[in-house]
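We count residues from 1, following the sequence as given.
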Amino acid sequence: AGFPALQYKIELAAMGMNDNVNHPLSPHKKLTKLRQYEKAWADIFPTKLVKNVVPLSDDAGWEWCGGVLATTLGDKSIQFFKPGARIRGVPLKAWVLRLTLSAATMHIDPYQDLIILTFLEEQRCAL
């Protein structure tokens with residue numbers, strides 16, 4: 001009970017995992033996180049479900065790519081959602097990109113911080 005660094009190494013090896021020695025957490029905190037991770041997998045169907053409701057209209061376009069959900073809104077905006085992770089302490093993130101025109105199609109590549117939007121020619125001519 002008094003040697004968290006040793007306990008962490010034993011439990012980590014028992015799970016077939018390697019330690020990230022460069023991570024700034026103390027052995028005690030690493031052991032706590034490892035046990036939370038192991039418990040989460042042991043209880044894969046939790047009694048308390050976390051729900052993130054994303055409202056979509058009938059004509060809303062959406063794309064899921066790289067862990068980011070992008071949905072078009074009727075007011076010439078695109079809303080982005082990145083789900084959180086309780087076990088890693090990562091909160092849900094949401095942000096909005098406002099445009100001057102309505103996008104016809106979109107494609108996102110979060111690994112390159114890239115979003116590609118196409119617009120209809122009629123919109124530009126109507127301005």
Side-chain angles (χ1 to χ4, degrees):
F3 302 99
L6 180 59
Q7 289 175 354
Y8 172 70
K9 287 182 181 184
I10 292 170
E11 290 187 32
L12 195 68
M15 293 180 68
M17 301 172 87
N18 295 321
D19 186 20
N20 179 359
V21 295
N22 297 324
H23 200 280
L25 287 179
S26 69
H28 178 71
K29 288 186 180 182
K30 284 183 178 181
L31 179 61
T32 302
K33 292 287 186 184
L34 181 64
R35 287 180 176 164
Q36 288 175 348
Y37 176 83
E38 188 174 19
K39 184 179 181 314
W41 276 106
D43 187 22
I44 197 155
F45 297 106
T47 56
K48 180 183 175 188
L49 294 177
V50 177
K51 294 183 181 180
N52 294 319
V53 178
V54 179
L56 291 176
S57 64
D58 291 338
D59 60 342
W62 63 274
E63 183 168 341
W64 177 268
C65 183
V68 177
L69 173 68
T71 63
T72 56
L73 303 174
D75 64 349
K76 300 177 184 174
S77 299
I78 300 174
Q79 188 165 23
F80 298 91
F81 294 93
K82 183 166 185 161
R86 285 185 315 184
I87 203 76
R88 290 182 288 142
V90 177
L92 167 87
K93 292 182 183 177
W95 64 99
V96 176
L97 176 63
R98 302 202 190 289
L99 308 169
T100 57
L101 301 172
S102 294
T105 61
M106 71 174 161
H107 176 73
I108 58 173
D109 186 352
Y111 302 112
Q112 298 182 50
D113 291 333
L114 175 69
I115 181 167
I116 299 170
L117 304 169
T118 59
F119 300 94
L120 297 176
E121 183 70 24
E122 297 86 35
Q123 291 185 63
R124 189 174 61 84
C125 295
L127 293 178

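Side-chain heavy-atom separations under 4.5 angstrom define the hydrophobic clusters, and L25 shares its cluster with no other residue.
For residues 90-108, no pair satisfies salt bridge (Lys or Arg N to Asp or Glu O under 4.0 Å), with sequence neighbours left out. Residue pairs meeting the side chain to side chain donor-acceptor pair (under 3.5 Å) criterion with at least one partner in residues 20-32, sequence neighbours excluded, are D19-K30.
Rounded to the nearest 0.5 Å, atoms CG (L6) and CD (E11) are 10.0 Å apart. Put simply, OG1 on T118 and CD1 on I116 are 9.5 Å apart, with the number rounded to the nearest 0.5 Å. A distance of 14.0 Å separates NZ in K39 from CG in L34, rounded to the nearest 0.5 Å.
When each of V96, I115, T71 is checked for a side-chain contact (heavy atoms from CB on, under 4.5 Å) with I78, only I115 meets the rule.
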